[in-house]
Amino acid sequence: MLAVPLLAGCDGPLSTLSPAGPIASEIARLWWVMLIGAGLITALVMVLLSLALLRNTPGGDPERSERRWIYGWGLGFTLTGLTLLLGFALWTGERMLARDDDTLTVRAQASQWMWDFVQPGPDGQPVATRGVLYVPAGRPFDVVITSTDVIHGFWVPQLGGKMDAIPGHPNLHRLMAATPGRYEGQCAEFCGRGHPFMRFEVVAYDPAGPMPDFVSDPQLTREPPLSGTPVTDPSAEEARP
């Protein structure tokens, strides 16, 4: 509980505690419910432990008292808490599933170590980009995620959860950006020496405004260093003076 104030520092483009869409907000809400619940249970256990250490009342039926603690608190309280948490988690997860409707569909293809996207362009025709995905803000969209080599992980923390990119097995992932902006994404599955470089960006544009240029980002399409060269985080390199 003493570390809770430190959560104020859990912010930034790759933080799940800074949601920028309804699906990410559902995930953040589940996280907060689990954190608060765990804190309350910890406090309750500490109170009961303190009472057990401080109180010493002889007499009574010890066997009956043990049954009350084991069945009432050990089983009843635990099963009730877990059932409520499981129900809330299933309800939250069901609300994030992609459905068979007319939602905009884009494609994301992972390969070592970059992301290729296909999305509708200004004239409605498919446009291919590398390192940048363009979607309209304020509307849900489904991402068909695949891979050409090994298993990767598609993750835009501010927009939603993770989804594996598996060779030969397309996965459907629903996301939504509530407002226009640029949202960072990364590969969430270790996929080789170039894994730290496998980042991408989601550009959510205003559908009522001018369309973006749908261009790739050369900074997000770099090849990793040659074998034997130290691999460093690109964000760390950019932060150096």
Side-chain angles (χ1 to χ4, degrees), residues 3-36 38 88-89 91-98 103-104 106-110 113-117 119 129-147 151-166 171-192 194-205 217 219-222 232-239:
V4 171
L6 298 178
L7 293 175
C10 296
D11 197 2
L14 294 176
S15 173
T16 58
L17 300 183
S18 299
I23 297 175
S25 297
E26 294 283 353
I27 297 175
R29 181 187 307 163
L30 177 60
W31 188 91
W32 281 111
V33 167
M34 294 177 63
L35 176 66
I36 294 172
F88 182 68
W91 178 76
T92 300
E94 194 274 338
R95 289 159 56 88
M96 297 187 294
L97 293 177
T103 299
L104 171 70
V106 299
R107 295 186 175 275
Q109 180 175 276
W113 289 273
M114 61 190 67
W115 292 92
D116 291 302
F117 302 103
Q119 60 267 294
T129 56
R130 175 166 288 177
V132 186
L133 172 63
Y134 295 87
V135 295
R139 301 176 184 175
F141 59 94
D142 291 338
V143 188
V144 181
I145 305 170
T146 59
S147 172
I151 296 177
H152 300 275
F154 181 93
W155 189 30
V156 189
Q158 291 185 294
L159 300 185
K162 305 175 184 179
M163 181 66 71
D164 282 345
I166 303 175
N171 281 328
L172 194 62
H173 193 32
R174 176 157 295 189
L175 298 174
M176 175 178 167
T179 57
R182 308 178 80 92
Y183 305 98
E184 292 188 23
Q186 65 179 20
C187 178
E189 189 83 20
F190 181 73
C191 53
H195 173 71
F197 294 89
M198 197 168 174
R199 299 190 177 188
F200 62 96
E201 191 174 50
V202 176
V203 175
Y205 58 87
D217 188 342
Q219 295 296 321
L220 300 174
T221 60
R222 292 182 293 182
T232 58
D233 192 320
S235 61
E237 291 291 334
E238 295 171 0

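Every heavy atom of this structure was used, including side-chain atoms; hydrogens, water molecules and symmetry mates were not. It should be emphasised that the depicted structure is a prediction, and the values quoted were computed from it without experimental measurement.
Between the Q158 side chain and the A20 main chain, no donor and acceptor come within less than 3.5 Å of each other. For the pair W113 (side chain) and C191 (backbone), a donor-acceptor distance under 3.5 Å is present.
For the atom pair CG (N171) and CG (D164), the distance works out to 7.0 Å, reported to the nearest 0.5 Å. Note that the CG atom of L175 and the OG1 atom of T103 stand 11.5 Å from one another [nearest 0.5 Å]. The CZ atom of F154 sits 13.0 Å away from atom CD of Q109, with the distance rounded to the nearest 0.5 Å. Interatomic distance, CD of Q186 versus NZ of K162, reported as 8.0 Å (0.5 Å rounding). In this structure, M34 CE and F88 CZ are separated by 10.5 Å, a value rounded to the nearest 0.5 Å. The distance from the CZ atom of R199 to the CD atom of E184 is 6.5 Å, given to the nearest 0.5 Å.
Between E189 and I151, the shortest heavy-atom contact is CG-O, 3.7 Å. When all heavy atoms are compared, the tightest approach of P22 to M176 is CG-SD, 3.6 Å. Nearest heavy-atom pair, G160 versus I27, reported as atom, atom and distance to 0.1 Å: C-CD1, 3.7 Å. The shortest heavy-atom contact between V202 and V135 is CG1-CG2, 3.8 Å. A pairwise comparison of heavy atoms in R174 and P140 identifies CD-CB, 4.3 Å as the closest pair. G131 approaches F117 most closely through the heavy-atom pair C-CE1, 3.9 Å.
Not counting sequence neighbours, Y183 has no partner by the ring-ring contact (aromatic ring centres under 6.0 Å, His included) test.
Side-chain contact check for L17 versus W32: some heavy-atom pair is nearer than 4.5 Å. For the pair P136/Y205, a side-chain contact is recorded, criterion being any heavy-atom separation below 4.5 Å from C-beta on.
M163 pairs in a side chain to side chain contact (heavy atoms under 4.5 Å, CB included) with only one of the listed residues (L172, I145, V156), which is I145.
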